Amino acid sequence: MYAITTLFNKLFDIKPGEIRKAVLLQAYVFLLITTLLIVKPTINSIFLSALTSEALPTAYLLTAVVAVLFSLFYDKILWAIPLNRVITGTLVLCALVFAIFCLLLNFKPSNTGWLYAPYLFVAIFGLLTTSQFWILANLIFNVREAKRLFGFIGSGAIAGGIFGGYLTSLLSGIISSENLLLVAAALILVCIPISSYLWKRYVDQNKVQKPIKEKAEQTPFTLIRRNRLLWLITLTVGISVVVAKMVDYQYSHFAAEKITNTEELTSFFGFWFSTLSVVSLLIQLFLSKRILKYFGIGNALIFMPVGILLGSILLLLIPELWVVVAIKIVEGSLKQSLNKAASELVIIPVPIEVRKHAKPFIDIVVDSIATGLAGAILIFLINGMGVPSIYISYINIGLIAIWIFLITRIFKAYQDSFRRLLSKEHPKVKKHEKHHLEVHNESVFGTINRVLTTGKESQILYMLEEILRSPDEHYFDAVRSLLHHPSSPVRSLSVKNLYYLNSADLRTEMKELLNDPSDDVVIDVLRYLIHKDHDLHREEILDYEEHSNHGNIRALTLLAVAQEVHTDTHLKEVLQLEARVDALLEHAGQPPWDAKRKFDVIAAIEAIGHTRLESRYKIVYGFLQDSDPQVLTAAFDSIAQIGDERFIPGVAAQLHVKELRKEAIACLQGYGPSIIPVLKRMVENQDIHFDDALFVPDVFRAIGTTEAVSTLVALVDSAEYAVSVKAIQILKMMKKEAPELEIESELIAEKILQECQMYQKLLSFLHTQVSEHEKDPKTEQSTKICMAREGLITILKHRVDAHLERIFNLLGIHYFEQDVEPILELAVNGDDQQRANAIEFIDSILEARLRHVLVPIIDSLGQGVVYSEEMVAKLKLPSISEWECFKNLLTRHDAKIKHAVLYLIEQLEDHGYDPLIEPLLQSPSESVRKQAEQVLKKR
């Protein structure tokens, strides 16, 4: 086992704790792509044999329409159903559909038009399952782990492409094409236990969250149109997709004409699909980087269109199948290797906030629209005008000419974008005079290397961060030269980059940086030394500490070790992390601490969080009681990384402390959406002190997901009154801060109706108490009753007023775009003319069911009056008995009202109310329980 672990470490840089999940993911994607390479050639051959290549244009057009519609549908599913269930459901459904298609194909229905269904399904299947796979992989690995391991995992996809195609070619000679779909269904079912195991064992549930739907101020199309580089890239992608579909049509048409036997056609497609994967892999491994380095981005982008252009010209001269195959090899192999690499590099100068909105639009929507356009062109030419497929080459030649012209413009736009980007200052650098750095017509590697050696600090930092996203050995020497740069951020980021570059072992040189004055640099250096030593021993760590004269070296070493091995159980044991944490804390001693000992304490706390050292969780929990804000902040940060529910009550108990509230909220936010139901339950069951519960809605605001919004809406009914008021206020804030955040309109409308009904009930209760107050006799005992009743009346008036504000706040959320708040203010407190106009406007925007209830309420108000007999009459409120009034008030989530009602019942000395008091003996509120017991004892 040790030999295997060592081999994986040396060959693929996979650490012992990562081997199983990496191999399982590799097997998972291998099975997916193998399945795709079975069903795709099988369905293609059956489709072409039955419908001929004349049906392909229609299929292309339908694929575009279905893909766009499906993406909208699938997005809604992801927001409604947990991802693991979506993945499992998708796999089960795909296996079932393949089995159904197999059954139908064996029955050979006379109407062949239904074959569009399997053709379209396979197109969606390939896109959907691989997309889900990479989402799962991103949940299992963090960014740094992904950079190391995704190459190894992704090789499973290429291997699956190769194996699946050749397997299809082999099996087609043994079993019929229809029955190959059963093989595909079986392979898909094998994926289910793998995905379920990976999810349960390795997915950090704190990372499983429904992300906030971020939308740019402008639409993606507007962002693209305003950015010349993005606009040119979009046009190029569109043309390249149209050309690719034209090539695919010619390839399929020539093959179907030359090979009439279905099994032989399936074998042909399977063989060449796999061959394309092999060629693509070879180009990616051995040619892409070299071409990009020596020819530059502009020339690298031209390779693919020029290759297709030459092939199209040759096809006009020699209309043979082998020529079409050659064109397909050029298009299929370069598309996913050289052309893909160059396309990703050319978009680097686009600011990230623009890139994250524009790129998905280009990759999905533009691709789908271009596919549909290609289908429409082919329908018109082939089906409509009867043009022979060979003449499609003339269209390709014309489109490729435009394609090449756009590429020449792209590189000019690339230069301009780089120039603008590099003129900006990096946020880590203090403001100073800006200057422009010329981007010459050279390879991207030359440009970046020149920035690293001659650029300003802000430009160097930007480039180092870009390289860190996609490490490349070409930058090794330039990055290495920055190890002694005057700027500590540059030194730190350089070490981070060298962590991923393997051109040379720099451990000896790195040891000299252990004396660097910057804590960040020393931590990064220690991580480098640990990472590069594949057989690390505890003695070596001690040697690193002895080699440094940095005052905080022991604490920094602990932090480096914790950050480096937080997922590696083996190294945790070798480096004796528990003992290191204990030693550091023992050395720090008891508070008060000086600066150095406090640093040691904070380092120990953070190390426990990085490593999720469960045996030391009690230590972190103990520091939640500490009075030092820095220590408490460290404890909060550690707890957020640990994500253990046992810490939640301790952190929540700090929410009422103003000085710690921001850090406590951030800590609870770090748990992610998984904490939402936990906090909701604590609030509803009153397991959290009222003073702390008031700030739980702020935690939901910080999390900011749709689930958080739904929970806030639920708390409006289920939480203690003051908390429910805060929940509405937070909902209003969230709507203003993020207008794109989905707050279910129907649900808010229902809440408005409920609040209106409760407002009317409260008015009725208030009317009952005012009426009873007038009847109270004037005796010594009645004086106590009068005082108790007046107290309840005062509270009810406050609640009536507050409910009106709640209604208005909910209306502000429901009709956010109309900004109804100023209108509502005029409707209540304006003069007669203003009130009339405001109410008319509100009446015009309200939906019917809200108008029926709300307009009478607003109309009954006058100059800020909370209650009057006239209001009760206008609203035609029913008369409620005092017993019914008490019954309703004692069931509300409002402790203050319950106390007031209980006190009034105590003064009334009426045993008829005892059945209303008895349920309160089980109240979650201790103060309510005690008062209920006291009232009953006096009977």
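Being a predicted model, the structure only gives us computed values, none of them experimental.
Between the side chain of S860 and the backbone N or O of I857, at least one donor-acceptor pair lies under 3.5 Å. A distance-only check finds a donor-acceptor pair linking the side chain of T633 to the backbone of P629 [under 3.5 Å]. At least one donor-acceptor pair closer than 3.5 Å links the side chain of T88 to the backbone N or O of N84. A donor-acceptor pair is defined here as one N or O able to donate and one able to accept, closer than 3.5 Å; no such pair exists between the side chain of K735 and the backbone of I813.
Pairing each heavy atom of S638 with each of V620, the nearest pair is OG-CG2, 4.0 Å. In terms of heavy-atom proximity, D524 sits nearest to K496 at OD2-NZ, 2.9 Å. Nearest heavy-atom pair, A693 versus V683, reported as atom, atom and distance to 0.1 Å: CB-CG2, 4.4 Å. Minimum heavy-atom separation, I605 to A634: CG2-O, 3.5 Å. For the residue pair K898 and R892, the shortest heavy atom distance occurs at CE-O, 2.9 Å. Considering every non-hydrogen atom in both A702 and I665, the closest pair reads CB-CG2, 3.9 Å.
Take D691 and apply the salt bridge (Lys or Arg N to Asp or Glu O under 4.0 Å) test, not counting sequence neighbours, and it matches no residue. For R646, the side-chain hydrogen bond (donor to acceptor under 3.5 Å, both in side chains) partners at least two apart in sequence or on another chain are E614, D644. In this structure I676 satisfies the side-chain contact (heavy atoms from CB on, under 4.5 Å) test together with P673, F700, I703, T705, E707, A708, T711, sequence neighbours excluded. Legend: residues meeting ring pair (Phe, Tyr, Trp, His ring centres under 6.0 Å) with F690, ordered by chain and number and at least two apart, are absent.
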Derivation of the salt bridge (charged side-chain N to carboxylate O under 4.0 Å, His left out) call for D687 and R681: CA-CA 8 Å; D687 295 333; R681 185 171 61 251; 5.9 Å; no
Verdict with supporting geometry, I752 and E755, side-chain contact (heavy atoms from CB on, under 4.5 Å): CA-CA 5 Å; I752 293 172; E755 290 296 320; 5.7 Å; no
Candidate pair C756 and I807, rule side-chain contact (heavy atoms from CB on, under 4.5 Å), full reasoning: CA-CA 7 Å; C756 288; I807 293 169; 4.0 Å; yes
Intermediate values then yes/no, side-chain contact (heavy atoms from CB on, under 4.5 Å), I460 and K456: CA-CA 6 Å; I460 293 172; K456 294 178 67 176; over 6 Å; no
Intermediate values then yes/no, side-chain contact (heavy atoms from CB on, under 4.5 Å), V723 and V696: CA-CA 8 Å; V723 179; V696 169; 5.8 Å; no
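Side chains of M682 and I648 form a contact here, defined as non-hydrogen atoms less than 4.5 Å apart. Between E750 and R849 there is a side-chain heavy-atom pair separated by less than 4.5 Å. Annotation: side chain of C667 is in contact with side chain of I639 (closest heavy-atom distance under 4.5 Å). For the pair F623/L632, no side-chain contact is recorded, criterion being any heavy-atom separation below 4.5 Å from C-beta on.
Note that the CG atom of L493 and the OH atom of Y462 stand 13.0 Å from one another [nearest 0.5 Å]. From L668, atom CG reaches atom CZ of F636 across 8.0 Å, with rounding to the nearest 0.5 Å. Atom NZ in K751 sits 15.0 Å away from atom CG in L811 (nearest 0.5 Å). Between the NZ atom in K732 and the CG atom in L712 there is a gap of 15.0 Å [rounded to 0.5 Å]. In this structure, the separation between CG on L762 and CD on Q757 is 12.0 Å, given to the nearest 0.5 Å. To the nearest 0.5 angstrom, S925 atom OG is 5.0 Å from Q686 atom CD.
Atom CD of E645 has 12 or fewer neighbouring heavy atoms from other residues, nucleotides or ligands inside a 6.0 Å radius. Around CZ of R85, the count of heavy atoms belonging to other residues, nucleotides or ligands within 6.0 Å does not exceed 12.
For the side chain to side chain donor-acceptor pair (under 3.5 Å) criterion with D698, the lone passing option out of Q729, R661, K726 is K726.
Residues F647 and Y617 place their aromatic rings such that the two centres sit under 6.0 Å apart. Y721 and H803 have their aromatic ring centers within a separation under 6.0 angstrom.
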Let me check something: any side-chain donor-acceptor pairs from residues 651-659 under 3.5 Å, sequence neighbours excluded? List them with distances.
unit_1: Q654; atom_1: NE2; unit_2: L624; atom_2: O; d: 2.7
unit_1: H656; atom_1: ND1; unit_2: A653; atom_2: O; d: 3.1
unit_1: H656; atom_1: ND1; unit_2: D692; atom_2: OD1; d: 2.7

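Side chains of S718 and E684: a donor on one and an acceptor on the other come within 3.5 Å. The closest side-chain donor-acceptor pair between R806 and S724 falls under 3.5 angstrom.
Listed by first and then second residue, the salt bridge (charged side-chain N to carboxylate O under 4.0 Å, His left out) pairs involving residues 662-679 amount to none (not counting sequence neighbours).
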